[in-house]
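Reminder, nothing fancy here: chain letters follow the sequence lines and each chain counts from 1.
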Amino acid sequence: MEERGERIALQCRQHSASCREFSVRCQPVQLRSLSAATCSVWLAAYWLFVLTQNSMVLSAAIFITLIGLIVYLHFVKIDQESLLVIASLGIQMTSSYASGKESTTFIEMSQVKDVVINEAIYMQKVIYYLCILLRDPLDPQSVSEVVPLFQSSKPRLDCLVEVYRSCQEILEQRKTVSQIL
Amino acid sequence: MVVLKVFFPSCCSSAESGLLVGHWIPEQNSAVILAVFHFPFIPVQVKQYLSEVRQVTQVNVSVLGTWSNCKKKEESLSEFLEDLGTIFSHEPWIQLCKETDSKFWSCSVIQKHPSTPKEDEIILVYYDQRKVMLSHLHPPGNLTNSTDHKAEDASKLAVIFDTVAKSKVLFMKDRYDYGPIKLTHWQSEGVEASIIVELMKQASIPVCMLLTFLLSFVSSVCKSRVLKFWPLSFIWSKLSTCEQLGHRLEHLQVISSNRKAQNQPQLMRKANIFVSLLADVALGILLMSWLYRKNRIGHLADTLIPVADHVAKELQGLLQWLMGVPAGLKMNRALDQVLGRFFLYHIHLWISYIHLMSPFIEMILWYVGLSACLGLTVALSILSDIIALLTFHIYCFYVYGARLYCLKIYGLSSLWRLFRGKKWNVLRQRVDSCSYDLDQLFIGTLLFTILLFLLPTTALYYLVFTLLRLLVVVVQGLIHLLVDLIDSLPLYSILLRLCRSYRLAAGVKFRVLEQRTGKPLRLLMQINPLSYGRVVQTYRLPTYSCYPKDSWGSLCKKLFLGELIYPWKHKGEKQD
Amino acid sequence: SPAQPATMNPARHWQKVLYERQPFPDNYVDQRFLEELRKNIHARQYQYWAVVFESGAVVQQLCSVCVFIVTWWYMDDGLLSVQWLFGAGLVSSLIGYILFDAIDSGAGRKENRRTRWADLKSTLVFVAFTYGFSPVLKTLTESISTDTIYAMSVFMLLGHLIFFDYGANAAIVSSTLSLNMAIFASVCLASRLPRSLHAFVMVTFAIQIFALWPMLQKKLKAQTPRCYIIVTVVFALSALTGLLTISSVGAVLFTLLLVSISCLCPYYLIRLQLFKDNIHGPWDEAEIKEDLSRFLM
Amino acid sequence: MACRRIGDQEQFLATAFSVVNCGRPPAWGIRTHSICMVSDFFYPNMGGVESHIYQLSQCLIERGHKVIIVTHAYGSRKGIRYLTNGLKVYYLPLKVMYNQSTATTLFHSLPLLSKENTVLRAALDPEIVSVIPNAVDPTDLTPDPSRRDNSTITIVVVSRLVYRKGIDLLSGIIPELCQKYPDLNFLVGGEGPKRIVLEEVRERYQLHDRVRLLGALEHQDVRNVLVQGHIFLNTSLTEAFCMAIVEAASCGLQVVSTRVGGIPEVLPEDLIILCEPSVKSLCDGLEKAMLQLRSGTSLAPEIIHNKVKTFYTWRNVAARTEKVYDRVADETVLPMDKRLDRLITHCGSVTGYIFALFAVLNFLFLVFLRWMTPDSIIEAARDATGPNGVWTKQYFHTQKRKEKEENSNC
């Protein structure tokens, strides 16, 4: 699947009837653009160095690129986003950064009202996205919060529809359970 | 299809075969295993023991099933285990079986009453008993305000956490006595440490009482009427040191009060205040030890007077420059001279004042330095006050300049309206057109012309002194910000998050362990620690707000109109 | 439904109404379409000499500015003594004051309910303030370059001419602003003069020529048009003479300007009326023809 | 795809225009269009344009069309929303420049008034200009004579207090009539820069107890004000359709209005007294109305309401608009060179070329945008709610299948 020229891959694993995991792998870190950015910073630094004859500039440039790289890999670049749906427990969203750092959020099933595909206006474009509707504890019929999924990879609609269908199948199970109980 | 969830403590996975003891939560269809009772045992004793535990913990602990940990499957044992189900009747009866060579356990559930639908799936969730017991769950931000509602609508995970935390007693009980029943569960090892803690707890009571007494004495002195008279109270309100001291006094009162903290947030608050106080005092003493070594105070005093002198000289130079043709600007000579002389006279006064003070400076500094033992924040506040005092002449210049400029701006704006044949309607708050008399027009325009041509001179003086004032305000503001940071940072919580991240849980996360078809799904439940941002946000200590109240836009407008600006603190009070 | 067949009354004509559903499509174009269109309803026929007479106000004001500048020039060069100008101003003011009441034999004064005591008070205020501030005025613009002052004065005098109330009913007219700009210019110019007494006399003269003289003119124009023409011509000639003593080129240019304003512009205005092509119809915004301000007086 | 502003007789059509897309073959008899309404003014803002677009869209949806609305974001209401009957609204995050209008509206907000004016100013063929009246929802605007105070006569004015609405005339009428008739009251609803004039008149003639200025009225409060009066006065100096007099008549009031713009076409002569835009004529008209009221020769409110009820309905407007859409959809889309030709020949010798230049620039900009974001990247919207809604069906199918399976399992 392709999104804005970037390739992303959807992987779906079924652990059991009530437990499914979807992971969307974004485009890996592009060496070309990273090295281009680094080179441009260094070139600018070298130019400054030639102008000022101060070697501090060069060391500062190296330091800045290193810091920038660490920040980029650790806080910005998301490698993979995955969604784990366990029928009786809840929905867990994990996004793993390029550096290996993972941030996870788990939403209990009792809070989940529904999973829907929604439209939004994003950067002069109308895009579709998948989101979890959270139930308002005070009023079970209303939605208290909308949690968007796959925020950084932004898969296209056909991809979303697949995930949506699977999610709905699992949510169906939950509904029947609650009916029986 | 109903899913049965079994929460199993990971420390019990190597336990010998026995009974599974835990709490059954019917509405979630899940079993929380708390411990394993080993063979052999006498059923009556077990039942009696469990009823005792139930009484103490208020948790409905019961035998939920059996646990077998053996090399290979034995027919006799499995029959025996099934029979146990008749003795400890429980619905449903869980049979967990681990074969040592395999990671995948088998689990079966026996239902006596087939009225409930077939349960065709079992999820095994491993959890770390110790961490779950000690952790404190923080629900997502928006739910915190509806605490009263939470009781009935408590999330499922919170119930599980609660169950484990409440059955703490179950784990304690076994510490020293080796009774008839053998259990496997998490066990604490820090017995000696806990003895020290107990001793400290005992010792803290008289210390607290002494402190409370002292504090009540100090606060009564502070509240005495002698200090309430006008000039004194005015000074108190202006000095940031006094405010900081008052703040710390409040903190000490909170710590030393012998009321027990009722809930987790209050406990954390006390601990945070305590740690931040300790850190503050430690930093203060560090500063003091640095200051009083090698006669640094004397050096400081020796440099301070020349610095003040130097500042005054620089100001004089600045004024001389302004009285000439500053930056090529041509100003009204007469007004320029008048203003310049006025300010020069002020500087002269200031220099003589400083010289009068110079013999005492070292002594003053020495005594002021002692205050650092009350904490770094107090020392910083004193520093801020000293800066305010030493730059009093700049403040005076600023006020004169601003007043003059403000007057001109207001005069010009109203005369500009007259110039256009308009007037400000106070009742309707808008500009109305108005027909003026000829003489009014003439005088208005004359004054307008004069003010307009004199404006650049005043504006330049105002600009220069405002820049100086802004410099002072920024320095003072930074000091206040630092003090505020030390005051409000929840150090204890941050340390806890750093070293024992499971203690502050934002929630949980699950990891799917590898699995085989036909065997139950295995999940590992881990604690998701709170992010640092939320730790600070949740446990931030309240301080008197000293952040800029007005936005940059309104600040610029104030500067343009010549209204007085003050440091970020005491905004409401300094209005004169 | 609106598409009902037109069978019920085949001879029915289309009506220009919206409340009734007619057996015609919505885009039906009737024969009477655009028959209410009118052209050039408000085109006016101008009389050449009447327009020339009205242009007298502009000529007068131009001449006032010219006289003021010429006087300032003389003062600056020291050709005109302070006492002489002050005396002349005083005398002409007195004459004008008497004329002002004499023309309409006191009718305007009665209408305004303005007493002579108020006039005297105003005069005293003028004199006192101008005299008091004249030293300040002298040093006021010392450090500002002469070119800046000239530019500012020219700008202000132009503004005075633009915003002056020539009798036209337009939004831009503001006699207050116009007068204030003239005073501002005169203060600027006066501050360039050698002595503070010069400044005082100059500002006084500015008041006379920019504030008092137009009031007298207006009255003259309304009461004795013939006299007004004579005064205008004499005033214009004297201004030209004054200018001629300073610069002959300036005088020629000024003459051309006056001629074009009083003769060519009216002619051009009348010619342009022929090219008028205004479309009017019922869709136009209606005009309120009555004077509604009487309800608010 | 055809895009045109439809110059019918509604004042807002300079600000709102519709894009009609008719790609589908005609289904059951009537052709269905996909219609996009673009307007700066929409719910939650309340007003004439807003309710017009909403009602028209609802009626068009009822007739089987697919309608979406594009407007700008109002505070926290941004993104994509669905309203009643699946009316999809795009609240675009555009910068509001002035008075809830974005830059585009400010640009082309020329008042295109009547058909004649439109034809003259835009140099159009009168055949392509349709006149469709605005509609009034008569169900809410019912008379309620019990709310009137019959010991006095109340004249109601509801309008924005601006010059174009003739508030200066009103400031002359109020003292004139109030001095003549001691049992006359005025009720003025609305806000605007001319309010000060009315306040001054009220202060000057000391009419505080007889002239009530209610300030800005919400749309739902208008009826409450109207039913309190006997006579409705409209003093507009220019008006295209004037909803206010229809609403007033629907509430059973005797209408007195100036004879300007399209007002004479709006109500039949027995329901309206038309006057010239002057204080004297309007006073005469009002006196005539008062005389009728006193002598009892005026029509009863219920009769007026029943008459007006039939005049302007939304269904009628929708049906007539639909016809315009049909006609527009049949028109061929001119290629670029023809358009340029038309601009150059139609719009004057100099301006024509300038317009053509702008058209070319716009076209180049479009090409640039398409190069920046190719069509393949843009996600095509799927119709979720319309008559052929994609997802709903599929979703329900799968759901039903699931349920069947469940049932068989149990």
Side-chain angles (χ1 to χ4, degrees), chain B residues 321-341 404 408 411-425 428 431-461, chain C residues 112 114 118-145 148-149 152-153 156 159-160 163 165 173-191 199-200 203-204 206-208 210-212 214-215:
Chain B
W321 178 70
L322 282 175
M323 283 164 72
V325 185
L329 290 171
K330 289 171 220 152
M331 310 205 291
N332 192 285
R333 194 172 40 79
L335 184 68
D336 203 16
Q337 293 294 328
V338 168
L339 285 176
R341 292 223 182 102
L404 207 62
K408 282 225 162 136
L412 270 177
S413 66
S414 61
L415 287 174
W416 171 241
R417 283 195 287 270
L418 177 135
F419 193 84
R420 292 177 303 149
K422 305 270 164 73
K423 70 166 183 195
W424 177 251
N425 189 333
R428 296 203 199 284
V431 176
D432 278 347
S433 54
C434 170
S435 59
Y436 290 96
D437 283 345
L438 200 57
D439 44 352
Q440 284 171 334
L441 277 184
F442 173 71
I443 292 166
T445 310
L446 202 67
L447 285 177
F448 177 77
T449 319
I450 291 168
L451 282 185
L452 189 69
F453 282 112
L454 292 185
L455 182 69
T457 315
T458 333
L460 193 69
Y461 273 87
Chain C
N112 282 344
R114 194 174 163 83
D119 290 345
L120 187 67
K121 214 168 67 182
S122 289
T123 318
L124 277 178
V125 166
F126 278 137
V127 173
F129 267 83
T130 323
Y131 194 75
F133 275 116
S134 57
V136 179
L137 293 185
K138 182 70 209 55
T139 60
L140 197 59
T141 61
E142 238 174 18
S143 55
I144 294 170
S145 88
T148 315
I149 292 292
M152 214 139 66
S153 307
M156 286 290 155
H160 165 74
F163 294 113
D165 181 11
V173 170
S174 164
S175 49
T176 315
L177 184 60
S178 162
L179 178 62
N180 281 333
M181 286 179 119
I183 295 174
F184 190 94
S186 68
V187 170
C188 285
L189 285 178
S191 68
F200 163 65
V203 173
T204 319
I207 288 292
Q208 285 160 355
F210 289 126
L212 304 178
M215 282 161 74

Report the option among Ile207(C), Leu179(C), Val203(C) that has the most heavy-atom pairs separated by less than 4.5 Å from atoms of chain B.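 When all of Ile207(C), Leu179(C), Val203(C) are compared, Ile207(C) has the most.
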
Over all heavy atoms of both residues, which pair between [X] and [Y] is shortest? Give the atoms and the distance, please.
X	Y	result
Leu441(B)	Thr176(C)	CD2-CG2, 3.3 Å
Leu177(C)	Phe419(B)	CD1-O, 3.4 Å
Phe133(C)	Ile450(B)	CD2-CD1, 3.4 Å

Quick check: do Phe442(B) and Val125(C) have side-chain heavy atoms less than 4.5 Å from each other?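 Side chain of Phe442(B) against side chain of Val125(C), heavy atoms only: no contact under 4.5 Å found.
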
Under 4.5 Å between any side-chain heavy atoms of Leu212(C) and Leu438(B), yes or no?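 The answer is yes; the side chains approach within 4.5 Å.
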
Parallel, tilted or perpendicular: which describes the rings of Phe184(C) and Phe448(B), with under 30° parallel and over 60° perpendicular?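 Answer is tilted, since the angle falls between 30° and 60°.
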
Go through the structure and list residues passing side-chain hydrogen bond (donor to acceptor under 3.5 Å, both in side chains) with Asn332(B), not counting sequence neighbours.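 Checked Asn332(B) against side-chain hydrogen bond (donor to acceptor under 3.5 Å, both in side chains); zero matches.
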
Counting only heavy atoms closer than 4.5 Å, note whether [X] contacts chain C via side chain, backbone, both or neither.
X	value
Ile443(B)	side chain
Leu335(B)	neither
Arg333(B)	side chain

Would you indicate whether Phe129(C), at its atom CZ, is surrounded by more than 12 heavy atoms from other residues, nucleotides or ligands within a distance under 6.0 Å?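 Atom CZ in Phe129(C) is not crowded, with 12 or fewer foreign heavy atoms closer than 6.0 Å.
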
Determine the sole option in Val136(C), Thr139(C), Ile144(C) for which the side chain to side chain contact (heavy atoms under 4.5 Å, CB included) test with Phe453(B) is passed.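 With Phe453(B) as partner, Val136(C), Thr139(C), Ile144(C) yield a single side chain to side chain contact (heavy atoms under 4.5 Å, CB included), made by Ile144(C).
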
Please classify the contact between Ser122(C) and chain B as side chain, backbone, both or neither, with a heavy-atom cut-off of under 4.5 Å.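 The answer is both parts of Ser122(C).
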
Once you round to the nearest 0.5 Å, how far does CG of Leu452(B) lie from CE of Met152(C)?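 So the CG of Leu452(B) and the CE of Met152(C) are separated by 7.0 Å.
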
Can you tell me which of Asp439(B), Leu454(B), Leu418(B) forms the most heavy-atom pairs within a distance under 4.5 Å of chain C?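 Result: the option with the highest number of such pairs is Asp439(B).
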
